[in-house]
There are 2 protein chains.
Amino acid sequence: MKIAALSAASGLSLPTLKFYLREGLLHPGQSTAVNQAEYDQGHLRRLRLIRALSELGGLGLADIRRVLAAVDDEDRPLHDTFGVAQDAMAARPHAPSPAARAATDRFIHRHGLRVRPEAEVRALLAESVDALHDFALCGPAHDHDAVAAALDPLLPETLAAADRALASVPAAAPRGEQLLVTVVGTIAWEAALLALRRLALEHASALRAAPPRAG
Amino acid sequence: MKIAALSAASGLSLPTLKFYLREGLLHPGQSTAVNQAEYDQGHLRRLRLIRALSELGGLGLADIRRVLAAVDDEDRPLHDTFGVAQDAMAARPHAPSPAARAATDRFIHRHGLRVRPEAEVRALLAESVDALHDFALCGPAHDHDAVAAALDPLLPETLAAADRALASVPAAAPRGEQLLVTVVGTIAWEAALLALRRLALEHASALRAAPPRAG
DNA sequence: CATTGTGGATAGTGAAACTATCCGCTCTCG
DNA sequence: CGAGAGCGGATAGTTTCACTATCCACAATG
């Protein structure tokens, strides 16, 4: 497969492919001459991964590069790599309030969750706790801990779902395959759950606005 | 409150406030002279809303403007406004495959969900169905409908949760308040649920990597 | 052997979200 | 009352991001 074929197969413009090659997001093809190279299914898979991270996950190219680097590092243990990928996926200019951050950390500790102290996801959760608190979305006159506590009833089912998700990854599959399933699975399922939730909200809102006539 | 005070209270730089005023995201203050104006708590609330939409929801200023316009249009029915806000929140360069789109539409019809035919959320869901399908994340050899069907068991609880969320909005509250709760609530809860899910994934991954010693 | 395609390099583009200056006026404080 | 800080309004500049366009010398192909 030459670059034009890769472009056609991936749906990405030829200049974009060259750009990704330059940036190191896509590894060079197998050289057949000084100015000719051959691309394969691996390149196509890589491109689908990049697009999924970009479009579905909303990641910038810099963060995508970090995810790819972690995925490519064969010596890295699986869990470790997943952590790096998670951090890259959460990378944003976070600025949760110290109070929200502390409440979040207490929430994690209280439930005995094994989450790295430096994991970005802590800031991610703290940010939303801040918003729920600031807009009094968990009822009025609550502190950050009370807001975090509102998440308590959701945790068991969320933990069970996460465990099921990881259990569905075939343990015998090669490392790259397992990572792809966990990393892309994370963002694809997230996107699906979000969309489902919004669907449900629109439906519920429609019902309230104009209830179906009984009978 | 003069603009410098508004800047201090909101944490946004003075040039940024001027920029928002220019862009019409923030309504002008009450003029007290040709070059003096007074700002109030309403401006502060508006700024918090803008920042929540931007940082938490990841919306661009153009989409934020659409949300604000819908919220500001007092004559618009509540459900209608929520639809506009939802569409703005989902606005991205979507390009789901026709197959995924069709499967999504069938999913919605099959469950009798009242979702506008033109609602952006359909494309949102279709996109994730595409990804789940492309990466065979619902098991191999399935078509788009089978992938969508994997969401079936999640729907009842999601619908119930959406109904609870809307039920928690005080019906007696003024329109602006109700909208704030639904719009900000939508994105803040989304962010919280996502973070919770990632927390659970990291925890589950850690358990698999190094199970706690029994005893 | 002419056309088309290719890898590699360099430079340019357009959108997005601010940021910096300037100006003439006004409020405030000594 | 007068100086200086602060203000609104306007114009222009900056940075980052993710591409996109050109150019080149050379290979592949009909």
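Hydrogens, waters and symmetry mates play no part in the numbers below; they use all other heavy atoms, side chains included. Per chain, numbering begins at 1; letters A, B, ... match sequence-line order.
- Remark: A:E38 CD is packed, more than 12 non-hydrogen atoms of other residues, nucleotides or ligands lying under 6.0 Å away.
- When the C1' atom of D:dA18 is taken as reference, atom CD1 of A:I50 falls 13 Å away, rounded to whole Å.
- Within the structure, every side-chain polar atom (N or O) of A:Y20 is placed at least 4.0 Å from both OP1 and OP2 of D:dA18.
- The number of heavy atoms from other shown groups lying within 6.0 Å of CD (B:E118) is above 12.
- B:R116 CZ: more than 12 foreign heavy atoms inside a 6.0 Å radius.
- As judged by a 4.0 angstrom heavy-atom cut-off over every strand, A:G29 is placed among residues making no nucleic acid contact.
- At a threshold of 4.0 angstrom between heavy atoms, the contacts of A:R65 with the nucleic acid are absent.
- With rounding to whole Å, A:L17 atom CG is found 16 Å from D:dA18 atom P.
- Minimum atom distance to the side chain of B:F19 is reached by C:dT19, of the listed D:dC19, C:dT19, D:dT20.
- For D:dG8, the OP1/OP2 oxygens have a side-chain nitrogen or oxygen of B:Y39 closer than 4.0 Å.
- Taking the side chain as every heavy atom from C-beta outward, A:L199 and B:F107 approach each other to under 4.5 Å.
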Within the sub-3.5 Å range, which N or O atoms of nucleotides 27-30 of chain D have a protein N or O partner, and how far apart are they?
residue	atom	partner	partner atom	Å
D:dA27	O4'	A:N35	OD1	3.0

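- As judged by a 4.0 angstrom heavy-atom cut-off over every strand, B:S13 is placed among residues touching the sugar-phosphate backbone only.
- Counting to the nearest Å, the P atom of D:dG6 and the CG atom of B:L6 are 16 Å from each other.
- Within 6.0 Å of the CZ atom in B:R45, the count of heavy atoms belonging to other residues, nucleotides or ligands does not exceed 12.
- In this entry the distance linking CE of B:M1 with P of D:dC7 reads 12 Å, nearest Å.
- Summarising the geometry, the separation between CD on A:E23 and P on D:dT16 is reported as 15 Å, rounded to the nearest angstrom.
- When rounded to the nearest whole Å, the span between CG of B:L14 and P of C:dC18 equals 14 Å.
- Residues A:K18 and A:I3 are in side-chain contact: their nearest non-hydrogen atoms beyond the backbone lie under 4.5 Å apart.
- Following rounding to the nearest Å, A:L53 (CG) and D:dC17 (P) show an atom-to-atom distance of 17 Å.
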Pick out the pairs of N or O atoms, protein on one side and nucleotides 10-14 of chain D on the other, that lie under 3.5 Å.
none

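- Between A:H133 and A:H142, the distance separating the two ring centers is not shorter than 6.0 angstrom.
- Both A:L61 and B:A5 lie near DNA chain D, and the one whose nearest nucleotide falls closer to the 5' end is B:A5.
- If you measure from atom CD of B:E55 to atom C1' of C:dA17, you get 13 Å, rounded to the nearest angstrom.
- The one candidate from A:H79, A:R114, A:Q86 that meets the side chain to side chain donor-acceptor pair (under 3.5 Å) condition with B:S205 is A:H79.
- The closest side-chain donor-acceptor pair between A:H144 and A:D130 falls under 3.5 angstrom.
- Taking side-chain N and O atoms only, B:T16 has a distance below 4.0 Å to OP1 or OP2 of C:dT19.
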Practice item. Please test A:D72 against A:R46 for side chain to side chain contact (heavy atoms under 4.5 Å, CB included), starting from the C-alpha separation and ending with a verdict. Key: CA-CA 11 Å; A:D72 286 342; A:R46 171 60 65 111; 2.6 Å; yes

